[in-house]
Asker: 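Sharing a structure with you now.
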Amino acid sequence: MSEEKSLNFIEEIVENDLNSGKYETLVTRFPPEPNGYLHIGHAKAICLNFGLTQKYGGYTNLRFDDTNPVTEKTEYVNSQQEDIRWLGFDWKNELYASDYFDELYGFAVKLIEKGLAYVDESSADEIAALKGTPTEPGQDSPYRNRSVEENLAIFTKMKNGEFADGAYILRAKIDMASPNMLMRDPIIYRIKHAEHHRTGNKWCIYPMYDFAHGQSDSIENITHSICTLEYVSHRELYDWFIEKLEIFPSKQYEFARLNLTSTVMSKRKLLQLVNEKLVTGWDDPRMPTISGLRRRGFTPKSIREFCERIGIAKRENLIELSLLEFCIREDLNKTANRVMAVLDPIKLVITNYDKGSEELIGENNPEAEDGGGTRVIPFSNELWIEREDFMEVPAKKWFRLAPGAMVRLKFAYIVKCEDFVKDENGNITEIRCTYIPESKSGSDTSGINVKGTIHWVSAAHAKTAEIRLYDRLFTSETPDAEEGDFKDYLNPESLTVLPNAYIEPALADADLDGRYQFIRKGYFCLDKDSTADKLVFNRTVTLKDTFKKPN
RNA sequence: UGUCCGAUAGUAUAAGGGUAGUACAACGGUUUUUGGUACCGUUUGUCUUGGUUCGAAUCCAGGUCGGACAACCA
């Protein structure tokens with residue numbers, strides 16, 4: 001047990017339970033409903049549940065909470081499994097709440113037999129009307145005191161498909177005056193003539209969340225059932241069912257869910273973005289989904305590190321996006337090879353370079369643990385450089401190119417700007433330089449020191465690529481909290497496509513697993529939209545930029 | 001005018017009656033063939049009012065503020 005780092009409150013509970021001998025083996029579960037793609041908030045829960053059993057022994061189950069057939073799909077089951085594996089976790093058992101439908105049905109019968117559940121034929125509106133409000137007690141349903149025999153008979157008919165949806169429901173008989181609304185005779189089974197993604201048409205009644213989750217935990221001998229804060233008030237019911245059913249006493253603990261600035265996290269809202277085509281899909285690189293982050297270029301390690309750093313507590317929180325960015329930069333800085341790409345090109349001509357071309361050596365990654373190796377970069381008298389690296393009238397503290405100014409071309413020579421060309425509209429079209437032959441990178445004998453180093457690509461050797469730049473999805477840090485529709489706060493500049501950027505030839509071999517630092521521009525990865533003749537790169541994140549822009 | 005949960009720098013998270021610490025962010029500096037990285041430094045905090053105590057972020061009471069709860073969703 002680590003003493004270095006302080007424990008979060010759940011680790012404390014687990015350590016106490018293990019040390020006191022309350023449990024011999026820690027068993028947790030990650031229980032998504034397969035009704036959407038997993039997002040970074042799920043990653044927090046995944047890291048917590050799987051992390052606990054990695055640290056303390058025991059195991060974690062993956063259990064799909066598939067009790068509502070109308071929203072659930074096998075597509076989601078598959079994507080969720082892929083995302084969990086990609087994050088680097090593996091479950092002991094792959095389980096489904098639907099595996100327990102027979103057992104759950106038996107639990108319902110047992111409750112009826114104990115006089116603790118009854119069939120109600122009130123309409124949804126009637127039930128709501130008798131439910132009371134948080135400040136007023138509810139009233140008993142007229143059907144509350146049906147006999148056990150009658151309840152059993154009707155419940156059997158419900159199961160046998162003799163009734164239409166909504167005609168009857170099964171309710172637990174608890175206390176209509178409870179201060180906890182969830183204890184006011186909660187509905188535990190409803191009729192739904194719908195095809196289930198796994199059980200097909202075997203069932204036409206399905207258990208509600210509260211009558212499936214805790215029981216499933218219990219069946220699996222889950223020792224610590226960890227969920228988010230909105231389930232706090234469900235805990236009383238969770239315990240009530242376990243007590244009345246006399247089954248394994250799993251215990252529920254709640255932590256605060258993750259909120260991230262400038263994005264939304266609810267599956268409902270993410271689904272809206274997908275359905276209304278405001279993003280290209282669940283894996284759009286702007287989405288906070290695991291698949292979106294993966295496509296954007298985030299690594300599993302960076303996401304695990306992020307989840308570690310945000311901590312686990314019970315206080316509502318809003319994490320700044322900058323922490324996620326820090327985590328991915330920290331990882332990529334050590335692993336991504338440095339290459340050169342010019343996103344917004346302008347021509348640079350070296351007037352005194354008459355060798356034709358030559359091959360220079362580039363260091364792949366000075367930060368890599370193994371040294372990174374080197375590669376060949378072609379150089380010639382006509383280059384593409386970044387338009388923003390030249391200023392006709394230089395600002396104060398300008399290190400880059402300007403009339404008369406010198407900069408180093410990364411991995412190459414020092415050049416001096418002698419002239420520039422403008423078109424009839426006054427736009428600069430070409431920069432003309434001379435180079436200093438003795439200043440070659442690695443064997444510089446010129447004695448000249450320059451402040452600025454810029455990246456470049458040889459025009460004759462460059463390949464073109466499409467580059468997609470991403471920014472935060474919403475202009476508001478808290479789109480959920482704004483007035484009106486959250487979609488009104490979508491950032492119109494969340495995606496910028498540069499169809500014709502120039503990349504160095506070595507990048508033509510890029511593959512989908514590669515991570516690259518485009519020197520001075522950020523971290524990039526190949527997008528799956530790439531074809532043999534058209535490479536597409538996604539910007540994962542910019543480099544940290546401490547340069548104060550003039551003006 | 002209910003019940004439950006919570007409140008520590010800008011954002012998170014520690015300190016479990018005894019020095020308020022860490023990270024990110026921000027700001028400044030050193031190094032640098034990336035205005036990157038690395039390294040160093042600076043700024044900023046216990047919601048409030050009482051109480052218990054030699055001593056309170058921590059325990060107690062009241063208040064304030066924020067969140068959850070009235071789906072045949074999970």
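Source: prediction; values computed, not measured. Worth knowing before you read on, the calculation uses all heavy atoms, side chains too, and leaves out hydrogens, waters and symmetry mates. Naming: A, B, ... by sequence-line order, numbering from 1 per chain.
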Asker: Between the side-chain atoms of A:Glu320 and the base atoms of B:G10, is any donor-acceptor pair under 3.5 Å?
Answerer: yes
Asker: Looking at A:Arg198 and A:Glu72, is any side-chain nitrogen of the basic one under 4.0 Å from a carboxylate oxygen of the acidic one?
Answerer: no
Asker: One thing to verify: whether A:Arg29 and A:Glu220 come together as a salt bridge, which I'm taking to mean a side-chain N less than 4.0 angstrom from a carboxylate O.
Answerer: no
Asker: Counting only side-chain N and O atoms of A:Ser6, is one of them less than 4.0 Å from OP1 or OP2 of B:U22?
Answerer: no
Asker: Would A:Phe547 and A:Phe399 count as a ring-ring contact (aromatic ring centres under 6.0 Å, His included) if you check the C-alpha gap in whole Å, the side-chain angles of each, and the deciding distance to 0.1 Å?
Answerer: CA-CA 10 Å; A:Phe547 172 57; A:Phe399 298 171; 7.3 Å; no
Asker: Could you work out which one of B:G36, B:U33, B:A70 sits closest to the side chain of A:Lys131?
Answerer: B:A70
Asker: Reckon A:Asp444 touches a base, only the sugar-phosphate, or nothing at all at heavy-atom distances under 4.0 Å?
Answerer: nothing
Asker: Nearest whole Å is fine: how far is B:C69 P from A:Leu237 CG?
Answerer: 15 Å
Asker: When you check the gap from the basic side-chain N to the acidic O, do A:Arg515 and A:Asp331 get nearer than 4.0 Å?
Answerer: no
Asker: Side-chain contact, heavy-atom cut-off 4.5 Å: A:His213 with A:Gln252?
Answerer: no
Asker: Under 4.0 Å: is that the gap between some side-chain N or O of A:Lys192 and OP1 or OP2 of B:C73?
Answerer: yes
Asker: Under 4.0 Å, counting only non-hydrogen atoms across every strand here, what does A:Arg400 touch: a base, just sugar-phosphate, or nothing?
Answerer: base
Asker: Quick one: do the A:Tyr168 and A:Glu162 side chains pair a donor with an acceptor below 3.5 Å?
Answerer: no
Asker: Between A:Lys301 and A:Glu305, is there a side-chain N and carboxylate O pair less than 4.0 Å apart?
Answerer: no
Asker: Does a side-chain N or O of A:Arg190 approach OP1 or OP2 of B:C73 to a distance below 4.0 Å, or not?
Answerer: yes
Asker: Using only modelled atom types and a 3.5 angstrom limit, is any donor from either the side chain of A:Ser441 or the base of B:U33 paired with an acceptor on the other?
Answerer: yes
Asker: Counting side-chain heavy atoms from C-beta on, which of B:G2, B:G67, B:A25 comes nearest to A:Glu316?
Answerer: B:G67
Asker: Please state whether the base of B:U37 and the side chain of A:Arg329 form at least one donor-acceptor pair under 3.5 Å?
Answerer: no
Asker: Taking the minimum atom-to-atom distance to the side chain of A:Ala313, which one of B:G35, B:C5, B:U13 wins?
Answerer: B:U13
Asker: Using atom NZ of A:Lys544 as one end and atom C1' of B:A25 as the other, report the distance to the nearest whole Å.
Answerer: 8 Å
Asker: Ignoring backbone atoms, establish whether A:Thr453 has a side-chain N or O less than 4.0 Å from OP1 or OP2 of B:U32.
Answerer: no
Asker: If you only use heavy atoms from C-beta on, which nucleotide in B:U34, B:G35, B:A14 is closest to the side chain of A:Lys397?
Answerer: B:G35
Asker: When the distance from CG of A:Leu271 to C1' of B:A74 is rounded to whole Å, what number comes out?
Answerer: 14 Å
Asker: Using atom C1' of each nucleotide, how far apart are B:A12 and B:G2 to the nearest Å?
Answerer: 32 Å
Asker: Mind checking A:Leu543 for me? I need base, sugar-phosphate or nothing, with any heavy atom below 4.0 Å counting as a touch.
Answerer: base
Asker: Take the protein atom NZ of A:Lys314 and the nucleotide atom C1' of B:C4, then report the distance between them rounded to whole Å.
Answerer: 10 Å
Asker: Measure NE2/A:His455 against P/B:G36 and give the value in whole Å, please.
Answerer: 15 Å
Asker: Between B:U34, B:C72, B:U13, spot the one nearest the side chain of A:Ile169, thanks.
Answerer: B:C72
Asker: If you pin A:Leu318 and A:Ala167 to their nearest nucleotides in RNA chain B, which one's is more 5'?
Answerer: A:Leu318
Asker: So, does the side chain of A:Tyr231 form a donor-acceptor pair with the base of B:A68 at under 3.5 Å?
Answerer: no
Asker: Between B:A70, B:G35, B:U34, which one does the side chain of A:Met181 approach most closely?
Answerer: B:A70
Asker: Roughly how many Å is it from CD1 in A:Ile312 to C1' in B:U22, rounded to a whole number?
Answerer: 17 Å
Asker: From the list B:C73, B:G2, B:A12, which nucleotide is the closest neighbour of the side chain of A:Asn317?
Answerer: B:A12
Asker: So for A:His234 and B:A68, does any side-chain atom that can act as donor or acceptor lie under 3.5 Å from a complementary atom in the base?
Answerer: no
Asker: If I pick the P atom on B:U64 and the same atom on B:G21, what distance separates them, to the nearest angstrom?
Answerer: 33 Å
Asker: Which comes earlier along RNA chain B counting from the 5' end, the contact point of A:Asn68 or that of A:Lys44, where each point is its nearest nucleotide?
Answerer: A:Lys44
Asker: Looking at the side chain of A:Met208, which of B:G36, B:G35, B:C73 is the nearest nucleotide?
Answerer: B:C73
Asker: Given A:Phe101, which of A:Tyr96, A:Tyr189, A:Tyr206 fulfils the ring pair (Phe, Tyr, Trp, His ring centres under 6.0 Å) condition?
Answerer: A:Tyr206
Asker: Only Watson-Crick and G-U wobble pairs, only distances under 3.5 Å, only runs of 3 or more: what stems does that leave for RNA chain B?
Answerer: B:2-7 with B:64-69, B:10-13 with B:21-24, B:26-30 with B:38-42, B:47-51 with B:59-63
Asker: Taking the side chain of A:Asn333 as its heavy atoms from C-beta onward, which of B:U37, B:C72, B:C73 lies nearest to it?
Answerer: B:U37
Asker: Looking only at the aromatic ring of each residue, does the gap between the centers of A:His224 and A:Tyr253 stay below 6.0 angstrom?
Answerer: yes
Asker: Think A:Arg309 has a side-chain N or O under 4.0 angstrom from the OP1 or OP2 of B:A12?
Answerer: no
Asker: Determine whether A:Ile312 and A:Glu11 make a side-chain contact, defined as any pair of heavy atoms from C-beta on separated by less than 4.5 Å.
Answerer: no
Asker: Just to be sure I understand the rule, does A:Gln517 reach a base, reach only the sugar-phosphate, or reach nothing, if contact means heavy atoms closer than 4.0 Å?
Answerer: base
Asker: Please report the distance, rounded to the nearest Å, between CG in A:Leu182 and P in B:A70.
Answerer: 7 Å
Asker: Do the side chains of A:Tyr516 and A:Ile503 get nearer than 4.5 Å, heavy atoms only?
Answerer: no
Asker: Which nucleotide in the list B:C72, B:U34, B:A12 gets nearest to the side chain of A:Ala124?
Answerer: B:C72
Asker: Roughly, in whole Å, what's the span from CG in A:Leu324 to P in B:A25?
Answerer: 12 Å
Asker: Is it the case that B:G35 (base atoms only) and A:Arg520 (side chain only) share a donor and an acceptor within less than 3.5 Å, ignoring hydrogens and angles?
Answerer: no
Asker: Within the modelled atom types, does a donor on one side and an acceptor on the other bring the side chain of A:Glu367 and the base of B:G36 under 3.5 Å apart?
Answerer: yes
